[in-house]
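Following this message is one structure expressed as structure tokens.
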Amino acid sequence: MSNLKVNIAGVEFKNPVITASGCFGFGREYECVYPLERLGGISLKGMTFKERLGNPPPRIAETPSGMLNSVGLQNPGVEHFLQHDMPYLATKDTVKIANIAGSCIEDYCAIAERLSESEIDMFELNISCPNVKQGGVAFGTSCENAAHVVKEVRKYAKKPMIVKLSPNVTDIASIAQAVEAEGADAVSLINTLLGMRIDINTRRPILKNNVGGLSGPAVFPVAVRMVWQVANRVKIPVIGMGGIEKWQDAIEMMMAGANAIQIGAAMFYNPKAPIEVIDGMNQWLEDNHISDINEIVGTVQPW
């Protein structure tokens, strides 16, 4: 078998396939389908410091080749996670990534400080959250704001820190450089694209929140483009996501420059997608006489 191990910021993954935050819960929900040890890693459900109920329904809408969601980071909070979920996860031989979110910088810092003493392996900062102290503008939509939150959280985070980038910007590569300069150990992208659907009979948006995040195969070409742009501008590892549903997509994303990949929406209609991707990538490497998955990273040859 070919070597599927990858190293992200000093953390070794047995393979480059990670389940995306918000699509895999805290792992229990999928273990009846396959052992979690098969996965390279798990990016856990986005966590806020205190329990959050999320947005009112309806908060999911179908779209062509994708879905809109406005779940609103429903989660039980950090203390509940540490008491009820971390002991279970600690027994699983896979990389555990805590996805942390907040409505102010202090929230991010408090979560990072609290989880730094746990058995979490890495942090993933969700900087697509609205900053309530700046009128609801998302942290990740400007170089200045993104850099500032990373700089502050870096003071409290004792584990490697991935920064998850928003695609709802004009120049994602500049934002990647800004967070790299302030201590990000890796970046992951893309988070969901902002979208909207309208019920033509009621003339109201389908989502109660009016707008939501678009994910699924429809966003894949955008994700590949952005990963390629970012990988050519930063020296830190890049984790690519957005519309990956089969092993061919994962290979393509890694050729664009991703050192590892995340799978999200595909698991809602094919729970075994991550395992199929791992097996398919391994077979493709063998068929092409490539001994190490890292050899294909960033090998796209632009015209």
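The figures that follow rest on heavy atoms only: side chains count, while hydrogens, waters and symmetry mates do not.
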For Phe13 and Asn15: C-alpha separation, side-chain torsions, deciding distance, then whether side chain to side chain contact (heavy atoms under 4.5 Å, CB included) applies.
CA-CA 5 Å; Phe13 293 71; Asn15 61 66; over 6 Å; no
Contact check, side chains of Lys96 and Asp121, non-hydrogen atoms, under 4.5 Å:
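Yes, at least one pair of side-chain atoms sits under 4.5 Å.
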Ring geometry between Phe24 and Tyr30 (parallel below 30°, tilted from 30 to 60°, perpendicular above 60°):
parallel
Report yes if the side chains of Asn270 and Glu276 come closer than 4.5 Å at any heavy-atom pair, otherwise no.
yes
Say whether, by atom type as modelled, one donor and one acceptor occur between the side chain of Asn168 and the main chain of Thr192 under 3.5 angstrom.
yes
Output for pair (Asn282 CG, Ile293 CD1), nearest 0.5 Å, gives 8.5 Å
Mind checking whether Val211 and Ile206 sit in one hydrophobic cluster, side chains of I, L, V, M, F, W, Y counted as touching below 4.5 Å?
no
Hydrophobic clusters here meaning ILVMFWY residues chained together by side-chain heavy-atom distances under 4.5 Å, can you tell me if Val300 and Ile251 are in one?
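Cluster IDs for Val300 and Ile251 differ.
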Nearest heavy-atom approach of Leu73 to Gly46 is CD2-CA, 4.3 Å
Is there a path of hydrophobic side-chain contacts, each under 4.5 Å between heavy atoms, that joins Ile105 and Phe49?
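Ile105 and Phe49: one cluster.
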Hydrophobic cluster membership, Ile127 vs Tyr156, 4.5 Å side-chain cutoff:
no
Side-chain heavy atoms of Arg197 within contact of Leu207, under 4.5 Å:
no
Carefully, step by step, assess Arg154 and Asp185 under the rule salt bridge (Lys or Arg N to Asp or Glu O under 4.0 Å).
CA-CA 10 Å; Arg154 181 77 279 175; Asp185 297 300; 2.7 Å; yes
Show the nearest heavy-atom pair for residues Met86 and Leu82, with the distance to one decimal.
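Nearest pair, atom of Met86 first, then Leu82: CB-O, 3.8 Å.
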In Å, rounded to the nearest 0.5 Å, how long is the span from CD1 of Ile111 to OG of Ser116?
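Spacing of CD1 (Ile111) from OG (Ser116) equals 11.5 Å.
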Does a side-chain heavy-atom distance below 4.5 Å link Ile278 with Leu4?
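Ile278 vs Leu4: side chains touch.
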Would you compute the distance between atom CD1 of Ile97 and atom CG of Asn99 and round it to the nearest 0.5 angstrom?
9.0 Å
Among Ile162, Ile175, Val179, which residue satisfies the side-chain contact (heavy atoms from CB on, under 4.5 Å) criterion with Val187?
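Answer to the side-chain contact (heavy atoms from CB on, under 4.5 Å) test with Val187 among Ile162, Ile175, Val179: Val179.
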Count the heavy atoms belonging to other residues, nucleotides or ligands that lie under 6.0 Å from CD of Glu62, then report whether that count exceeds 12.
no
Test item: Gln262 and Glu124 side chains (from C-beta on) under 4.5 Å apart, heavy atoms:
yes
Start with the C-alpha distance between Gln248 and Trp284, add both sets of side-chain angles, then the distance that settles side chain to side chain contact (heavy atoms under 4.5 Å, CB included), and finish with yes or no.
CA-CA 9 Å; Gln248 293 92 333; Trp284 182 86; over 6 Å; no
Just by distance, no angles: are the side chains of Gln283 and Asp279 close enough, under 3.5 Å, to form a donor-acceptor pair?
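Absent: no donor and acceptor within the cut-off.
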Heavy-atom side-chain contact between Phe26 and Ile42 under 4.5 Å:
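Side chain of Phe26 against side chain of Ile42, heavy atoms only: no contact under 4.5 Å found.
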Is the side chain of Lys159 donor-acceptor paired with the backbone N or O of Glu119 at a distance under 3.5 Å, no angle test?
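A pair under 3.5 Å: no.
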In a table with atom names and distances, give each donor-acceptor pair under 3.5 Å that connects a side chain of residues 225-246 to protein atoms at least two apart or in another chain.
unit_1, atom_1, unit_2, atom_2, d
Arg225, NH1, Gln229, OE1, 3.0
Asn232, ND2, Trp228, O, 2.7
Arg233, NE, Gln177, OE1, 3.2
Arg233, NH2, Ser174, OG, 3.0
Arg233, NH2, Gln177, OE1, 3.0
Glu245, OE1, Tyr269, OH, 2.6
Lys246, NZ, Asp249, OD1, 3.4

Candidate pair Glu79 and Arg114, rule salt bridge (Lys or Arg N to Asp or Glu O under 4.0 Å), full reasoning:
CA-CA 9 Å; Glu79 295 305 325; Arg114 186 71 181 90; 2.6 Å; yes
Show the numbers, then the answer: is there a side chain to side chain contact (heavy atoms under 4.5 Å, CB included) between Val224 and Met253?
CA-CA 6 Å; Val224 171; Met253 188 67 84; 4.2 Å; yes
For Asn55 and Ser70, which I'm curious about, is there any donor-acceptor pair between the side chains at under 3.5 Å?
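Present: a donor and an acceptor within the cut-off.
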Please name the residue in the list His148, Glu182, Met161 that meets the side-chain contact (heavy atoms from CB on, under 4.5 Å) test with Val153.
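The residue from His148, Glu182, Met161 that satisfies side-chain contact (heavy atoms from CB on, under 4.5 Å) with Val153 turns out to be Met161.
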Validate the cation-pi geometry between Arg28 and Tyr88: distance from NZ or CZ to the six-membered ring centre under 6.0 Å, angle to the ring axis within 45°.
yes
Does Glu31 come within less than 4.0 Å of Lys92, counting only side-chain N to carboxylate O?
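Salt bridge present between Glu31 and Lys92.
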What's the separation between atom CD1 in Ile190 and atom OG in Ser166, rounded to the nearest 0.5 Å?
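It comes to 8.5 Å.
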Ser43 to Ile18 - nearest heavy-atom pair and separation
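The pair with the smallest heavy-atom distance is N-CG2, 3.8 Å.
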So if you build clusters from Ile, Leu, Val, Met, Phe, Trp, Tyr with side-chain heavy-atom gaps below 4.5 Å, do Val219 and Leu194 land together?
no
My understanding is that only residues two or more places apart in sequence, or in another chain, count here; which of them pass side-chain hydrogen bond (donor to acceptor under 3.5 Å, both in side chains) with Asn201?
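Applying side-chain hydrogen bond (donor to acceptor under 3.5 Å, both in side chains) to Asn201 gives none.
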Indicate yes or no for a side-chain donor-acceptor contact from Ser21 to the backbone of Leu44 under 3.5 Å, with no hydrogens or angles considered.
yes
Pairing of Asp93 and Lys14 as salt bridge, 4.0 angstrom limit:
yes
Taking all non-hydrogen atoms of both residues into account, name the closest pair between Thr299 and Glu295 and its distance.
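Scanning both residues, the minimum pair turns out to be CG2-O, 3.2 Å.
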Measuring from Ile261:CD1 to Met281:CE, what's the distance to the nearest 0.5 Å?
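With rounding to 0.5 Å, CD1 (Ile261) is 6.0 Å from CE (Met281).
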Measure across Tyr34 and Lys272 and return the closest heavy-atom pair with its distance rounded to 0.1 Å.
CE2-CA, 4.0 Å
Is a donor on one side and an acceptor on the other found under 3.5 Å between the side chain of Arg52 and the backbone of Asn75?
no
Go through the steps to decide whether Arg203 and Asp199 satisfy the test side chain to side chain contact (heavy atoms under 4.5 Å, CB included), and finish with yes or no.
CA-CA 5 Å; Arg203 303 190 185 191; Asp199 183 327; over 6 Å; no
Can you tell me how far CG of Asn3 sits from CG of Leu285, rounded to the nearest 0.5 angstrom?
9.0 Å
For the residue pair Asn209 and Arg59, establish whether any side-chain heavy-atom pair is separated by less than 4.5 Å.
no
Can you list the residues that meet the ring pair (Phe, Tyr, Trp, His ring centres under 6.0 Å) rule with Tyr108, with sequence neighbours excluded?
Phe139
So that I can tick it off, tell me whether Lys155 and Glu113 are bridged by a salt bridge, with the cut-off set at under 4.0 angstrom between side-chain N and carboxylate O.
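Looking at Lys155 together with Glu113, the answer is no, because their closest N to O distance does not fall below 4.0 Å.
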Grab the two heavy atoms, one from Asp292 and one from Lys5, that are nearest each other, plus how far apart they are.
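Where Asp292 meets Lys5 most closely, the heavy atoms are OD1-O, 4.5 Å.
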So do Pro167 and Asn191 actually touch side chain to side chain, heavy atoms under 4.5 Å?
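Sidechains of Pro167 and Asn191: in contact.
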